[in-house]
Visitor: 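Take a look at the following structure, please.
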There are 2 protein chains.
Amino acid sequence: MNAKTTQLLSLTPLEKAPAQGVNLWVYHSLRRALMCGQIEPGLPLTIRGLAEVMHVSPMPVREALHRLTCEGAVEVRDNRRVMVPQMTAARFKELYELRIVLETHAAESALPYCRPEHITELERLDNLIDLAYQHSDTGEGSLANQEFHRYLYQRNPFQVAVPLIESVWLQLGPFVRFAKNKLTQHYRIDRHKEALQALRQQNAFALRRAIEADIRDGLASIQAVEGIHEHFKEQALSA
Amino acid sequence: MNAKTTQLLSLTPLEKAPAQGVNLWVYHSLRRALMCGQIEPGLPLTIRGLAEVMHVSPMPVREALHRLTCEGAVEVRDNRRVMVPQMTAARFKELYELRIVLETHAAESALPYCRPEHITELERLDNLIDLAYQHSDTGEGSLANQEFHRYLYQRNPFQVAVPLIESVWLQLGPFVRFAKNKLTQHYRIDRHKEALQALRQQNAFALRRAIEADIRDGLASIQAVEGIHEHFKEQALSA
DNA sequence: TCTCTAAGATTGTGATCATATAATGACGCC
DNA sequence: GGCGTCATTATATGATCACAATCTTAGAGA
């Protein structure tokens, strides 16, 4: 109807609806797009625009955007426009430090619950990561990597940190578009193997070290991209 | 209209509307009620019921409940009923450990940004806590305590952990109804004073110790309540 | 040609309506 | 008398509408 509603946001590779409600379908679609860095920061997201692109009524989009807002995935500018937050070097650093703090804790608290069959499953997930990266699909690789970590942390049946960790992953989503495949592959000297070894030995300290190293490797693979800093908005914008 | 809609949930001390939208007013009202443990876990919360109690249309309530859901404050049972999660000892322990991990990190990352005037403000907030507890208002005291912590962590202008910390506070809300005033006062040998001293000296290690001790004190003040474990639902429920 | 103002367009919010689904209770059958 | 099935009810979800706030843009005046 409107010229602007058919925005530059055709970047929405619609996923299947798991017969679970339009609400969740929209939410998961947007979430995945954000996780894979498919939505450019600064691009204004409108309820009606997204509704038109996804061929649904504005209501499910409204709820999905609200949910993403309170998860920190998108940000409300002024009180009108919703957009993916601009990237700043400082924010990037804080988010990665938060990842380390949260995930080493989650890993350690999951350690006592790890049974051999769980380690077998983790090995399978680790292989899937390699597979995804060999297909040179950065987004898929990142998602597969997250599944490995999530499965590990969720061994603790009383886990309460996973939703928070996912929130941090979500906020880091816009950065993955800069993770180069080759670098990532090169730097992935398989800290996961170290983690699995630590799990087998029930060695909490080694597990923490492996998880932290794994996260720092991912960090390095992004920072190593030449000219990365040109993609960061200077924080003077909002000041 | 319905007999059940006028539920046992008259426990909603409506707060003022800051002329900021009915949406946020409902959200903050519910949030505050949860923070102060004024909503009994297990009590079914319905959109229409809350809407009738608060004299608003169901729409703002729907959005507020969704938001609280994704913050972990309430839980969707089956796919119909929404309720405050039952308390279990394991969950309680996990949440407090998460508090320690997150807040010691947040405090340390805020340390370099702390200026003398900020410390003055923190002293003022600390006095407010004493004041609230002298009025023997556990809920208000807890909120005042949170303001102290939040103000400290937000000294870091790039802080990204505060929303996560608030989510944990929210999930701990149902427990504060068990924090006894006298115990709390007694145990509050003012770890905050230690924290302030560490801030003045820019001593990161001491700051972490003070924050962790402060949190553990609050934990102890709850666990010291005799018969507390009778209030925990056994986790066999959902198994 | 620049600027200020006003009107139109755009968009988020809240309300009302329609529909699908789960819970509850009643009736009938075994 | 107990259990299974069906109907009624209650509730969440999704759509559409109405309104208010904001942004954009065009036009007029200096």
Side-chain angles (χ1 to χ4, degrees), chain A residues 1-9 14-30 39 42-71 73-84, chain B residues 1-9 14 16-31 39 42-71 73-84 237-238:
Chain A
M1 185 176 291
N2 312 321
K4 285 184 182 173
T5 48
T6 313
Q7 9 192 339
L8 314 94
L9 198 48
L14 303 210
E15 308 175 13
K16 67 206 168 300
Q20 204 181 2
V22 186
N23 196 338
L24 291 204
W25 172 62
V26 172
Y27 168 71
H28 283 120
S29 296
L30 288 177
I39 300 182
L43 191 80
L45 300 177
T46 67
I47 293 179
R48 288 172 160 87
L50 289 173
E52 187 168 340
V53 169
M54 306 185 76
H55 302 287
V56 295
S57 105
M59 187 64 66
V61 179
R62 190 205 299 200
E63 309 218 332
L65 277 186
H66 280 151
R67 185 162 172 186
L68 290 170
T69 299
C70 85
E71 287 182 286
V74 298
E75 168 180 76
V76 177
R77 211 67 171 179
D78 295 328
N79 58 358
R80 220 57 178 183
R81 287 296 208 280
V82 173
M83 61 170 62
V84 178
Chain B
M1 186 177 291
N2 312 319
K4 285 184 182 174
T5 47
T6 313
Q7 11 192 337
L8 315 93
L9 197 49
L14 303 210
K16 64 206 170 301
Q20 204 179 4
V22 187
N23 195 337
L24 291 201
W25 172 61
V26 173
Y27 168 70
H28 283 120
S29 296
L30 288 177
R31 182 188 175 91
I39 299 183
L43 191 81
L45 301 176
T46 67
I47 293 180
R48 287 170 148 84
L50 289 173
E52 188 168 339
V53 170
M54 306 186 76
H55 301 287
V56 295
S57 107
M59 186 66 65
V61 179
R62 190 206 297 200
E63 309 219 333
L65 276 186
H66 280 150
R67 186 161 172 187
L68 290 169
T69 299
C70 85
E71 287 182 286
V74 297
E75 167 180 78
V76 178
R77 210 66 169 179
D78 294 329
N79 60 357
R80 220 59 177 181
R81 287 295 208 282
V82 173
M83 61 170 62
V84 178
L237 245 183
S238 61

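Residue numbers start from 1 in every chain, and the chains themselves are labelled A, B, ... in the order their sequence lines are given, proteins ahead of strands. Quick caveat, the model's predicted, so the values are computed rather than measured.
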Visitor: Quick one: NE2 on A/H28 to CG on A/N23, what's the gap to the nearest 0.5 Å?
Guide: 10.0 Å
Visitor: To the nearest angstrom, how far is B/M83 atom CE from D/dA12 atom C1'?
Guide: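 About 15 Å, once rounded to whole Å.
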Visitor: Find the distance between CD (A/E52) and OG (A/S57) and round it off to the nearest 0.5 Å.
Guide: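 Taking CD in A/E52 and OG in A/S57, the distance rounds to 12.5 Å.
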Visitor: Going by side chain to side chain contact (heavy atoms under 4.5 Å, CB included), A/P60 matches just one of A/L65, A/L50, A/V22. Which one?
Guide: A/V22
Visitor: Could you write out each protein N or O paired with an N or O of nucleotides 18-20 of chain D at a distance under 3.5 Å?
Guide:
none

Visitor: Taking atom P of D/dG14 as reference, at what distance in whole Å does atom CE of B/M59 sit?
Guide: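 For the pair B/M59 CE and D/dG14 P, the rounded distance is 11 Å.
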Visitor: Please give, in whole Å, the distance from D/dT13 C1' to A/H66 NE2?
Guide: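 These atoms are roughly 16 Å apart.
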Visitor: Return the NE2 to OH distance between B/H66 and A/Y27, rounded to the nearest 0.5 Å.
Guide: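 OH of A/Y27 is found 12.0 Å from NE2 of B/H66.
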Visitor: Can you check the B/N23 CG to C/dG12 P distance for me, whole Å?
Guide: 14 Å
Visitor: Given atom CE of B/M54 and atom P of C/dG14, what is their separation to the nearest angstrom?
Guide: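 Interatomic distance, CE of B/M54 to P of C/dG14: 13 Å.
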Visitor: About how many Å separate SG of A/C70 and CD of B/E63, when rounded to the nearest 0.5 Å?
Guide: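 Here the interatomic distance stands at 11.5 Å.
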Visitor: Starting at OH of B/Y27 and ending at P of C/dG14, how long is that distance when rounded to a whole Å?
Guide: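 Value for this atom pair: 15 Å.
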Visitor: Using only heavy-atom distances, decide whether a donor-acceptor pair under 3.5 angstrom links the side-chain of B/R62 to the base of D/dG14.
Guide: yes
Visitor: A/L45 has an atom CG; how far is it from atom P of C/dT10, in whole Å?
Guide: 18 Å
Visitor: Where the side chain of A/I47 is defined as all heavy atoms beyond and including C-beta, which of C/dT13, D/dA12, D/dA15 is the nearest nucleotide?
Guide: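 Comparing C/dT13, D/dA12, D/dA15 against the side chain of A/I47, the answer is C/dT13.
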Visitor: Working to the nearest 0.5 angstrom, can you tell me the gap between A/M59 CE and A/I47 CD1?
Guide: 9.0 Å
Visitor: Can you tell me how far the CG atom of A/L45 sits from the CZ atom of A/R81, to the nearest 0.5 Å?
Guide: 10.0 Å
Visitor: May I have the distance from A/R77 (atom CZ) to D/dC23 (atom P), rounded to whole angstrom?
Guide: 13 Å
Visitor: Side chain of B/S57 only, please: which of D/dA12, C/dT16, C/dT13 is the nearest?
Guide: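 My answer, after comparing the listed nucleotides, is C/dT16.
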